[in-house]
Undergrad: 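The following block contains the structure, expressed as structure tokens.
Values below: every heavy atom of this structure, side chains too, minus hydrogens, waters and symmetry copies.
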Amino acid sequence: MSLLPEARMVLDASGTWKLFVLTGYEPRDWLAYSFSRAEPVPTVPERVAVLAALGYEARGGAEWKWDATTGTRRRMFAKIPVRPVADRSAATPWAGAV
């Protein structure tokens, strides 16, 4: 199974939650959305709505899983394998997109 695309939700350096769709190895090519808040943690329905707006959905019944980076300063993030939605005409722009 391919590792990408994958969606990740992280608490970024500004202290707010951001969702990224990793589509390749160049971060400048990733789609991103800022939830513009630190609390509460964005819910699964909020994440699903953002993914749909970006033109993606969970792949094959996958569920969000929490993980952490390695190293001395560990950071938590949520991840889920995704796939492009065939019909993107239903996608709506999000004001928080970055």
Side-chain angles (χ1 to χ4, degrees):
M1 176 185 278
S2 174
L3 299 176
L4 297 176
E6 178 179 86
R8 290 191 184 182
M9 187 181 72
V10 301
L11 193 59
D12 76 354
S14 70
T16 60
W17 288 103
K18 287 203 172 126
L19 187 145
F20 297 93
V21 178
L22 288 66
T23 55
Y25 295 101
E26 289 295 326
R28 68 174 177 249
D29 296 333
W30 298 348
L31 298 172
Y33 174 84
S34 176
F35 288 96
S36 299
R37 70 177 195 251
E39 291 184 9
V41 174
T43 64
V44 171
E46 287 177 301
R47 296 177 225 164
V48 169
V50 168
L51 283 174
L54 295 174
Y56 285 83
E57 65 186 6
R59 192 177 344 145
E63 295 181 6
W64 287 90
K65 299 202 182 313
W66 286 97
D67 204 343
T69 59
T70 58
T72 56
R73 187 168 179 226
R74 296 178 58 109
R75 300 182 82 179
M76 295 295 296
F77 63 92
K79 65 182 182 177
I80 190 169
V82 295
R83 66 177 179 203
V85 175
D87 178 14
R88 292 191 63 181
S89 64
T92 57
W94 286 75
V98 292

Undergrad: Which heavy-atom pair separates Ser34 from Thr16 by the least distance, and what is that distance?
TA: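 That would be OG-OG1, 4.2 Å.
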Undergrad: Verify, without hydrogens or angle tests, whether Arg47 (side chain) and Leu19 (backbone) share a donor-acceptor contact under 3.5 angstrom.
TA: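 Between the backbone of Leu19 and the side chain of Arg47 there is no qualifying donor-acceptor contact (under 3.5 Å).
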Undergrad: So, for Trp64 and Leu51, which heavy atoms are closest and what is the spacing to 0.1 Å?
TA: CZ2-CD1, 3.9 Å
Undergrad: Considering non-hydrogen atoms only, spot the tightest contact between Pro84 and Tyr56 and give its length.
TA: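 The pair with the smallest heavy-atom distance is N-CD2, 3.6 Å.
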Undergrad: Nearest 0.5 angstrom please: Trp66 CH2 to Met9 CE, how far?
TA: 4.0 Å
Undergrad: With the side chain counted from C-beta on, respond yes when Thr69 and Phe77 share a heavy-atom pair under 4.5 Å apart, and no when they do not.
TA: yes
Undergrad: Against Asp67, only a single residue in Lys79, Met76, Arg75, Arg8 fulfils side-chain contact (heavy atoms from CB on, under 4.5 Å); can you say which?
TA: Lys79
Undergrad: Could you tell me which non-hydrogen atom of Arg37 sits nearest to which non-hydrogen atom of Pro42, and how far apart they are?
TA: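 Scanning both residues completely, I find the closest heavy atoms to be NH2-CA, 3.2 Å.
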Undergrad: Using a 4.5 Å cut-off on heavy atoms from C-beta on, say whether the side chain of Leu54 contacts that of Val82.
TA: no
Undergrad: Could you tell me the separation between the CZ atom of Phe20 and the CG atom of Asp12, rounded to the nearest 0.5 Å?
TA: 6.5 Å
Undergrad: When you measure from the side chain of Trp17 to the backbone N and O of Val10, does any donor-acceptor pair fall under 3.5 Å?
TA: no
Undergrad: Measuring from atom CG of Leu11 to atom CZ of Phe35, what distance do you get when rounded to the nearest 0.5 angstrom?
TA: 12.0 Å
